[in-house]
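Each remark here refers to the structure printed beneath this line.
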Amino acid sequence: MPRKSTTLYGQAVDITREYLGPAADRFISRQIENHLHKKPENLKKGDLKDLLVWINLAMNVLIADRSLVEDYLQKLNRLMQ
Amino acid sequence: MTKRLNIYYLFGFLVAVYFCAFLSAPSHFVIKLNLLSKLEQLPLLLPYLIIWLVGFYGYDRLKSYGSRIKNSSDGKQINLIANGVLVLALWPPLSSILSVLTGATLVHPMGSTDRLIVIDAYFNIIWPFIGFWFVSLGARGLSELINLRASFKALNIVAAIVCVLGVLFTQSISYAYKRDPSNFNEPYWLVLSTLVVPYIYMWFLGMMATYYIFQYKRLSPGVVYRFGWINLSAGIGGVLLLSIILEFAYTLEIKFAKASLVSFMTLDFIFLILYAAAFGFIAKGAKQLKRIEDI
């Protein structure tokens, strides 16, 4: 049973793992570093809105199934609350 | 990029060596299509070169994906599998070059009764064995990442298939040996211990690796990640299973059943096309998975 992450970054990776498996950690790190220009562990709730825009763009390139992308983004959205 | 280009240089080098060997070998050693001159036979080789190239391309894509994630736990296993895929992609060209050099028939080394066929026979065990070994190491590593333990049912099915194949193979070798021991140039016990046993062991490795890879595709986390693995697992499984069928079919049909040249070449060509298709699936799956890492 994997441990639940406590950091925001870890929680985002946990959610992403359902979709990208072992690539989740690398994917989220890349989005944060390349687009938000910060270290993944320094991710704050205020960064999530921008991050979701980039993740939305990336996932639309990767998956044709829009409902799957929506489902994923909804789960990430909950992290903002 | 340079390393990847080197693979295509290697392909070019192997093609050049093959053509040199083909053109310089005595024609009766090269091919039995005596109606055609060597130059007339050259266009017949083109499909084979394309098939070899697809194998290299499949490796190139998989290695490119593996290099991209080389520091991660799955990346290490992918790179092991890619090394095995390279060895298996090199197998047809090296086998063909060796065939021409040792005076066997053009497309596969199992068609000559020449003494040098022993070299061919052992090459065709040792070389794919290396490939199977790397792939099975990587496949096993992937299965450990998802804590997969082979089920009792799966182990029994694989063991049963290997037993049946092994008995059929041993029986066929025994029949061929009794009919013409000069084909082997070795005592029977040596044929059994150095030809039959390694083949059967290799088939077991290949089938277990195929099982692990398909289970990894089925059970690894990530809907999108698993989607990329559909093609990759089909490709790797296809390469392994076709290698097994190729080894079995060639050994039995060509060497021992004395099949006609036309049926031999047709069978060879069909299998090689399927083999290339499997490498094509590897390339497609690796490209899909790499796209996740590029974006």
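Because the structure is predicted, anything quoted here is derived from the model rather than measured. Order of the sequence lines fixes the chain letters, A, B, ..., with proteins taken first and strands second; residue numbering starts at 1 for each chain.
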Requested in this report: Return yes when atom CZ of B/R149 has more than 12 non-hydrogen atoms of other residues, nucleotides or ligands closer than 6.0 Å, and no otherwise.
Outcome: no
**Report entry** Beyond-backbone contact of B/V223 with A/E18, side-chain heavy atoms, under 4.5 angstrom
**Finding:** no
Query - chain B contact residues among residues 29-48 of chain A, heavy-atom distance under 4.5 Å - result: A/R30, A/Q31
Report summary line: Rounded to the nearest 0.5 Å, the OG1 atom of A/T16 sits from the OH atom of B/Y225 at a distance of 15.0 Å
Report task. Look up atom CD in B/E293 and atom CG in A/L20, then write down how far apart they are to the nearest 0.5 Å. Result -> 8.5 Å
Query - Residue selection (most heavy-atom pairs with chain B, distance under 4.5 Å) from A/P22, A/A23, A/A58 - result: A/P22
Report task. Please tell me if the side chains of A/F27 and B/I295 come closer than 4.5 Å, counting only heavy atoms from C-beta onward. Result -> yes
Query - Rounded distance [0.5 Å steps], CG in A/D65 versus CZ in B/F227 - result: 10.0 Å
Query raised in the report: Of the backbone (N, CA, C, O) and the side chain (C-beta and beyond), which part of A/I63 lies under 4.5 Å from a heavy atom of chain B, both, or neither?
Result: side chain
Query raised in the report: For A/Y9, does the OH atom have more than 12 heavy-atom neighbours from other residues, nucleotides or ligands under 6.0 Å away?
Result: yes
Query raised in the report: Would you find more than 12 non-hydrogen atoms of other residues, nucleotides or ligands less than 6.0 Å from B/F56 atom CZ?
Result: yes
Query raised in the report: Is the count of non-hydrogen atoms from other residues, nucleotides or ligands lying under 6.0 Å from A/K75 atom NZ greater than 12?
Result: yes
Report task. Measure the shortest side-chain to side-chain distance between B/D74 and A/R26 over non-hydrogen atoms and say whether it is less than 4.5 angstrom. Result -> yes
